[in-house]
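Just so we're clear, the structure is a prediction, and the values are computed from it rather than from any experiment. In what follows, chains carry the letters A, B, and so on, assigned in the order in which the sequence lines appear, proteins first and then strands, with residues in each chain numbered from 1.
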Amino acid sequence: RKEVEQDPGPFNVPEGATVAFNCTYSNSASQSFFWYRQDCRKEPKLLMSVYSSGNEDGRFTAQLNRASQYISLLIRDSKLSDSATYLCVVGMDSSYKLIFGSGTRLLVRP
Amino acid sequence: EADIYQTPRYLVIGTGKKITLECSQTMGHDKMYWYQQDPGMELHLIHYSYGVNSTEKGDLSSESTVSRIRTEHFPLTLESARPSHTSQYLCASHDRAANEKLFFGSGTQLSVL
């Protein structure tokens, strides 16, 4: 079993749609959680950190469920520019190693 | 925004050659990492360093080696390149706190013929 699992997609949605991605992690000792965005043939870039109480940044909302060991990302009012691969990333303070999921691909169509 | 640099951006080389991929950051970060990523696939950690003279192998076995003689510099070396080494290599760094974001370089796309 992978340490961080994501649905690879692709999620094909029209502009303006709301789309949600989930990610599950296997290590209950995980302490830090992030969503990164990666465009084709580019390096990953931090989209947002995920906090225990949940957090929002504009159209993006992230949630953490420690009991069920999953995190989610909700994108409202999708834009064409949101088309990318979204990477779930989990880390443990003790090791500072960050484990990347394989990513969920999002395609937003006009 | 990111002060982490990788060179070369693209490298096409013949089998058997020795290559070094450069990675430098000017942010004074202790933690540096090398990831390998094939097209459409996930990132795999191949090496990491927690500071000068500290290097560790990552989760994916790699024939490459790394060194960390200076905080800002974390080069990756392949003594004898093979076609199976063809991939994208991404260097990254972050600060002491685990919840600090990871800064990535632009990557080196390596093609071994």
Could you see if A:Val13 belongs to whatever hydrophobic cluster contains A:Leu73? Use Ile, Leu, Val, Met, Phe, Trp, Tyr and a side-chain cutoff under 4.5 Å.
yes

Distance in Å, B:Leu102 CG paired with A:Tyr36 OH, rounded so as to fall on 0.5 Å steps:
4.5 Å

Can you tell me how far apart CD (B:Gln109) and CZ (A:Arg41) are? Round to the nearest 0.5 Å.
7.0 Å

Would you name the heavy atoms of A:Phe100 and B:Glu42 that are closest together and state the gap between them?
O-OE1, 4.5 Å

Heavy atoms from other residues, nucleotides or ligands near NZ of B:Lys17 exceed 12 (cutoff 6.0 Å):
no

Do other residues, nucleotides or ligands put more than 12 heavy atoms under 6.0 Å from A:Arg105 CZ?
no

With rounding to the nearest 0.5 Å, note down the distance linking OH in B:Tyr48 to CG in A:Leu98.
11.5 Å

Please look at B:Gln37 and chain A and tell me whether the side chain, the backbone, both or neither of the residue comes under 4.5 angstrom of a heavy atom of that chain.
side chain

Relative to chain B, which of A:Ile99, A:Leu46, A:Thr85 shows the most heavy atom pairs under 4.5 Å?
A:Leu46

Interatomic distance, A:Glu43 atom CD to B:Ile4 atom CD1 [nearest 0.5 angstrom]:
9.5 Å

Tell me, for A:Gln6 versus chain B, whether the close heavy atoms (under 4.5 Å) come from the side chain, the backbone, both or neither.
neither

Take atom CD1 of B:Ile69 as the centre, draw a 6.0 Å sphere, and report whether it contains more than 12 heavy atoms from other residues, nucleotides or ligands.
no

Any chance CD of A:Glu15 has more than 12 other-residue heavy atoms, nucleotides or ligands included, within less than 6.0 Å?
yes

Do A:Val89 and A:Val4 land in one hydrophobic cluster if side-chain heavy atoms of ILVMFWY residues count as linked below 4.5 Å?
no

